[in-house]
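Below: one structure, written as structure tokens.
Counting starts at 1 for both ligands and their atoms, following the listed order. Scope of the values below: all heavy atoms of this structure, side chains included, with no hydrogens, waters or symmetry mates. Because the structure is predicted, anything quoted here is derived from the model rather than measured.
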Amino acid sequence: MATRSRFDDVAKLVDTERGFISREIFVDPDLYKEELDKVFTRAWLFIGHESLIPNPGDFYTTRMGEESVILCRDKKGVVHAFLNSCRHRGMKVCRYEQGNTSIFTCPYHSWTYTTDGKLQGVPQYRSLYDANLDRDANSLVSVAKLAIYKGTVWATWDKDAPEFLTYLGDAKIHLDQALDCRDGREGGSEVIGVHKWVFPSNWKFAAENFLGDTYHNPSHRSVDLIGIGPSAASGKKGRRDDELEKAQHVWISFPEGHGVHSAIQPENNEYIESFLDNPVLEQYFRHCFEERKRRLGEQARLMPFVGTIFPNTSYHGRQPRGLCAWHPHSPTTTEGWRFFMVDADAPKEVKDYLRRYYMRYSGPAGMTEQDDMENWLYATSASVGTVARRYPFNYQQSLGAWTRDHATLGGTVSLQVTEEIARGYYRRWKTYMGGGDWDELLGGNDRLTQRAAE
Ligand code: FES
Ligand code: FE
């Protein structure tokens with residue numbers, strides 16, 4: 001049963017019909033605690049990538065909500081995720097960010113756990129426990145469900161949660177574009193680095209930004225005026241590759257709460273030469289473009305831009321390519337993790353080039369990401385005051401100008417930037433906060449409404 005909020009009705013704080021959302025949901029400590037309880041223990045959360053743990057015994061310490069979680073490949077090669085907290089007195093059994101081990105030994109009283117999370121060793125087991133401790137009941141707490149999708153690893157604490165692909169819904173078509181190889185082969189990506197940094201903002205500012213808030217483009221005016229993009233060495237300005245410039249952009253909302261901004265290339269789209277000063281890069285990117293077109297045909301016209309998978313996983317689909325997890329620390333503090341991705345079999349020179357470009361663009365020192373973070377952190381600090389909190393944020397953009405279900409693109413599609421995607425995201429947030437069942441969390445009612453409107 002859902003516990004009651006100190007606010008009479010959380011639903012009143014989020015008025016997606018009229019387009020107002022209270023600032024309280026971005027700053028209030030009680031609502032934040034409720035989010036951890038009602039959103040982060042139920043939704044599927046992105047926790048890492050297989051390429052970070054390629055060998056038996058490899059582990060990567062990750063997070064789900066505020067809690068530390070060990071992502072580990074056991075000695076048989078099976079991937080697990082456990083709460084990083086000893087069953088005896090709660091000590092972190094693993095204090096490293098990543099590594100390889102045959103056993104996790106708790107530093108406090110030395111209980112040991114195998115790489116599949118089972119309690120193995122208990123000091124003085126015979127003399128102090130009568131050799132009679134229930135090892136299964138005292139093993140590390142495992143996530144309820146874990147899914148590996150094209151190398152990415154996702155988990156949920158809710159045993160009743162639907163399978164990951166059901167949860168992902170039609171947003172899969174768009175996330176796929178970020179996870180597949182640049183030449184159209186399925187999967188095949190690896191993580192070449194993870195940036196982690198803490199910033200003073202509510203986590204939803206970041207998640208919402210990636211739903212397709214293209215409206216904030218003026219924030220990036222400075223990086224648009226200089227050349228930090230893939231074509232910069234050829235003397236071209238801008239922060240991205242040229243492919244997106246000539247495309248039809250689409251903004252899509254999904255009933256599960258996800259939202260994306262993708263782009264559709266014109267028919268008979270041709271490769272744009274971008275790396276004339278570097279034949280290795282030019283050959284690689286030309287090959288990827290042409291091979292992708294050959295493999296996917298008409299579908300190759302769909303290009304990913306950005307998206308957020310509810311609640312806190314965002315992606316950059318093309319250049320720079322990667323996944324972000326926005327981990328909550330407090331109502332007004334977030335830890336951003338950016339997983340930078342490349343094709344695992346790309347030439348070393350291409351990976352090095354992309355690594356430098358990704359750092360120029362994204363992460364704590366990335367020029368584009370710094371623009372975004374300034375907005376999120378000042379918007380947070382300017383919303384904590386007693387007076388500021390009386391005035392809700394405005395989400396009325398394109399209210400009522402929604403379009404329709406789209407068979408090829410999934411979801412409901414708009415051909416212009418729209419806050420309907422954010423409204424859909426918070427509508428779903430409200431369902432979680434109200435303790436909705438899984439049919440409601442997947443947007444059951446919204447699906448019916450959309451169909452009725454057609
Ligand atoms: Fe881990 Fe005591 S807290 S062994
Ligand atoms: Fe931005």
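Annotation: atom 3 (S) of ligand 1 to nearest protein heavy atom, Arg89 N, 3.3 Å. Regarding atom 2 (Fe) of ligand 1, its nearest protein heavy-atom neighbour is His109 ND1, 2.0 Å.
In this pair, Phe393 and Phe26 present their aromatic rings tilted. The plane angle is within the 30 to 60° band.
Contact check for Lys204 versus Trp376: no side-chain heavy atoms found under the 4.5 Å cut-off. Side-chain contact between Val79 and Leu71: present, with at least one pair of heavy atoms (C-beta onward) separated by less than 4.5 Å.
Residue His88 counts as close to atom 2 (Fe) of ligand 1, with an N, O or S atom under 2.8 Å. At a cut-off of 2.8 Å, Asp372 is counted among the residues with an N, O or S atom near the Fe ion (ligand 2).
Annotation for ligand 1: atoms under 4.0 Å from non-hydrogen atoms of Ser110 are 4 (S). If you number the atoms of ligand 1 from 1 as listed, the ones under 4.0 Å from a heavy atom of Tyr108 come out as 2 (Fe), 3 (S). Within ligand 1, the atoms closer than 4.0 Å to a non-hydrogen atom of Met91 are 3 (S), numbered from 1 in the order shown. Close contacts of ligand 1 with Trp111, meaning ligand atoms under 4.0 Å from a residue heavy atom, involve 4 (S). For ligand 1, the atoms sitting less than 4.0 Å from at least one non-hydrogen atom of Cys106 are 1 (Fe), 3 (S), 4 (S), numbered in the order shown with element in parentheses.
Between the NE2 atom of His220 and the NE2 atom of His216, the angle centred on the Fe ion (ligand 2) amounts to 100° when rounded to 10°.
In this structure, Ser362 and Phe340 approach most closely via the heavy-atom pair CB-CE2, 3.8 Å.
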CA sep, side-chain torsions, deciding dist, call: Leu302, Ser262, side chain to side chain contact (heavy atoms under 4.5 Å, CB included): CA-CA 7 Å; Leu302 177 64; Ser262 291; 4.0 Å; yes
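Other residues, nucleotides and ligands place more than 12 heavy atoms under 6.0 Å from the OH atom of Tyr129.
In summary, Asp37 and Arg42 do not engage in a salt bridge, as defined by a charged side-chain N under 4.0 Å from a carboxylate O.
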